[in-house]
Every structure is written in structure tokens, then in C-alpha cells.
S.K.: 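If you scroll down you'll find the structure; I have some questions about it.
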Amino acid sequence: MAKKTPRTENSKPQFWLFKTEPDEYSIDDLATEKNCTWEGIRNYQARNRLRDDIRIGDQVFIYHSSCAKPAIVGLAIVTQEAYTDSAQFDPTSHYYDAKSPTDKPRWLAVTLRYQRHLANTITLAFIKKSGQFIDMELVARPRLSIQSVSIEHANAILQLAGATE
DNA sequence: GCCAACGTTGGC
DNA sequence: GCCAACGTTGGC
């Protein structure tokens with residue numbers, strides 16, 4: 001079992017990018033709910049990041065995928081670290097996993113709190129053509145649903161996005 | 001709706 | 001542990 005990466009008191013929050021299909025769950029849904037359980041992650045590498053690397057206070061860019069205009073659309077903050085994703089044990093859930101042992105759950109969730117919409121959304125098309133984001137995971141590893149974002153890229157995105165909604 | 005990329009499964 | 005078959009993701 002991998003160990004948690006210690007996050008010292010004076011270390012800065014890290015930035016992540018979580019993908020969601022807006023038809024399923026959008027930034028507007030998160031804004032309405034204020035807090036949400038980010039469940040349904042069914043990929044081991046993404047799961048490992050939830051388990052080992054994502055900490056309370058980390059910042060999360062919300063990204064809309066599989067839609068007309070894929071883009072980074074909002075910001076959230078992690079308010080609860082990894083816990084068992086209950087959907088894996090719910091046979092009626094789209095995220096049900098019959099093979100996940102109840103005594104050793106495979107899948108984890110975190111809790112996010114809505115922060116804000118980005119005044120200017122940052123489209124995938126822009127990210128690809130701008131040149132300054134070529135080493136983003138979003139470009140290099142587009143299928144990973146939990147991505148890390150460097151401080152430099154995060155700052156650039158926030159600047160482009162405008163200060164507030 | 002197509003299809004390339006890539007993650008997962010399972011037989012050997 | 002390899003790798004072919006299969007399933008899913010997600011941009012276009």
C-alpha cells in the first residue's frame with residue numbers, strides 16, 4: 001500500500017484538474033450543490049492520486065469533457081480527503097463494481113466545495129494552440145480523469161480566466 | 001457517430 | 001508475466 005505524501009504545514013496547496021461530462025454533472029450542478037462527493041473514479045492511476053496525493057485545501061479545476069466545447073470552467077477546493085466510494089457497492093448505480101471486495105474497497109471518493117466559475121473558460125482548443133500548455137497532462141495524457149496541474153500552469157490559467165465571475 | 005488511443009481482462 | 005482481445009474515453 002502506498003503511503004500518503006506528507007504535506008507539511010507550510011507547503012502550498014497543489015492544483016488538480018478533474019474531468020466531468022457536463023451532461024452528467026456540470027460546474028452549474030456543483031455551484032447549486034455547493035459541496036459534492038466526487039465519485040465514480042474507476043481508473044487505478046486516478047484512484048491512486050485520490051488516495052496518495054490529494055489533500056484538504058488543494059485546488060481543483062473543473063473540466064468539461066465529451067461536450068461541444070471541452071474546457072476548464074471552474075474552481076473547487078478539496079474539503080475531505082479520500083474515503084470509500086459507496087457507489088461501487090450500489091447495484092443500481094452506474095458506478096457499481098461487482099468485483100470490488102467489501103472488506104477492501106477498490107474505489108475512493110473525495111469531497112469538493114464549489115468556489116467559482118471562471119469568468120473566461122479555458123477551452124481545450126486554446127490550450128492546444130497557445131503553446132504554453134503543451135506539457136499539460138490534458139494534452140499529453142487526455143484520458144486520465146484526475147490530472148495534476150503545475151503551479152505555473154495553474155497561475156497562467158487563473159490569469160487567463162480573469163479574477164472572479 | 002467515428003475511430004484512435006489506451007486501460008483492463010483473462011488465457012496461456 | 002505476456003499479449004491479444006476487448007471495452008471505454010473523448011475529441012472531432
Side-chain angles (χ1 to χ4, degrees), chain A residues 1-5 14-33 36-54 58-76 78 81-112 114-115 117-150 152-154 156-158 160-161:
Chain A
M1 181 64 105
K3 43 247 137 257
K4 285 193 170 192
T5 307
Q14 293 191 5
F15 286 87
W16 304 94
L17 181 149
F18 287 12
K19 292 195 292 187
T20 183
E21 298 185 17
D23 289 348
E24 295 292 321
Y25 192 85
S26 73
I27 187 68
D28 294 333
D29 296 321
L30 179 58
T32 302
E33 285 197 330
C36 82
T37 296
W38 202 267
E39 63 182 12
I41 299 299
R42 297 292 179 269
N43 165 283
Y44 287 104
Q45 187 159 12
R47 189 278 313 270
N48 292 349
R49 290 181 170 186
L50 292 177
R51 185 187 62 197
D52 302 332
D53 300 326
I54 294 180
D58 282 356
Q59 297 284 124
V60 176
F61 290 107
I62 304 298
Y63 174 85
H64 283 172
S65 67
S66 293
C67 56
K69 214 175 153 193
I72 303 170
V73 294
L75 251 192
V78 176
E81 291 178 13
Y83 50 90
T84 299
D85 179 346
S86 58
Q88 71 197 297
F89 300 127
D90 175 4
T92 67
S93 170
H94 176 64
Y95 300 117
Y96 179 60
D97 181 356
K99 291 179 184 165
S100 180
T102 47
D103 58 337
K104 201 165 173 262
R106 276 184 188 173
W107 307 115
L108 300 170
V110 296
T111 302
L112 295 186
Y114 171 79
Q115 289 196 303
H117 283 60
L118 301 188
N120 309 307
T121 64
I122 311 297
T123 65
L124 179 62
F126 175 82
I127 286 169
K128 283 182 168 173
K129 81 174 180 215
S130 82
Q132 64 180 310
F133 299 113
I134 42 171
D135 55 340
M136 271 192 88
E137 285 191 333
L138 196 58
V139 180
R141 307 199 43 210
R143 293 188 53 179
L144 189 56
S145 57
I146 302 276
Q147 309 199 344
S148 65
V149 178
S150 70
E152 292 73 22
H153 285 150
I157 291 162
L158 290 172
L160 290 161

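Side-chain atoms are counted along with the backbone in the values below, which use heavy atoms only and exclude waters and symmetry mates. Throughout, a chain's letter reflects where its sequence line sits, starting with A, and its residues are numbered from 1.
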S.K.: Do A:Gln115 and A:Gln59 have side-chain atoms, one donor and one acceptor, less than 3.5 Å apart?
M.R.: yes
S.K.: Any base atoms under 4.0 Å from A:Lys128, or only sugar-phosphate, or nothing? Heavy atoms, all strands.
M.R.: sugar-phosphate
S.K.: Got a sec, which residues hit side-chain hydrogen bond (donor to acceptor under 3.5 Å, both in side chains) with A:Asp28, two or more places apart in sequence or on another chain?
M.R.: A:His117
S.K.: Can you tell me which residue among A:Arg47, A:Arg106, A:Arg42 is in a salt bridge (charged side-chain N to carboxylate O under 4.0 Å, His left out) with A:Asp97?
M.R.: A:Arg106
S.K.: Who are the side-chain hydrogen bond (donor to acceptor under 3.5 Å, both in side chains) partners of A:Thr92, not counting sequence neighbours?
M.R.: A:Asp90
S.K.: Tell me which of A:Asn43 and A:Lys99 sits closer to the 5' end of DNA chain B, going by the nucleotide each one is nearest to.
M.R.: A:Asn43
S.K.: Need two values: the first and the last nucleotide of DNA chain B, 5' to 3', having an atom under 4.0 Å from any heavy-atom of chain A.
M.R.: B:dA5 to B:dG10
S.K.: Given 3.5 Å as the limit, does a donor-acceptor pair link the side chain of A:Asp85 with the main chain of A:Glu39, or not?
M.R.: no
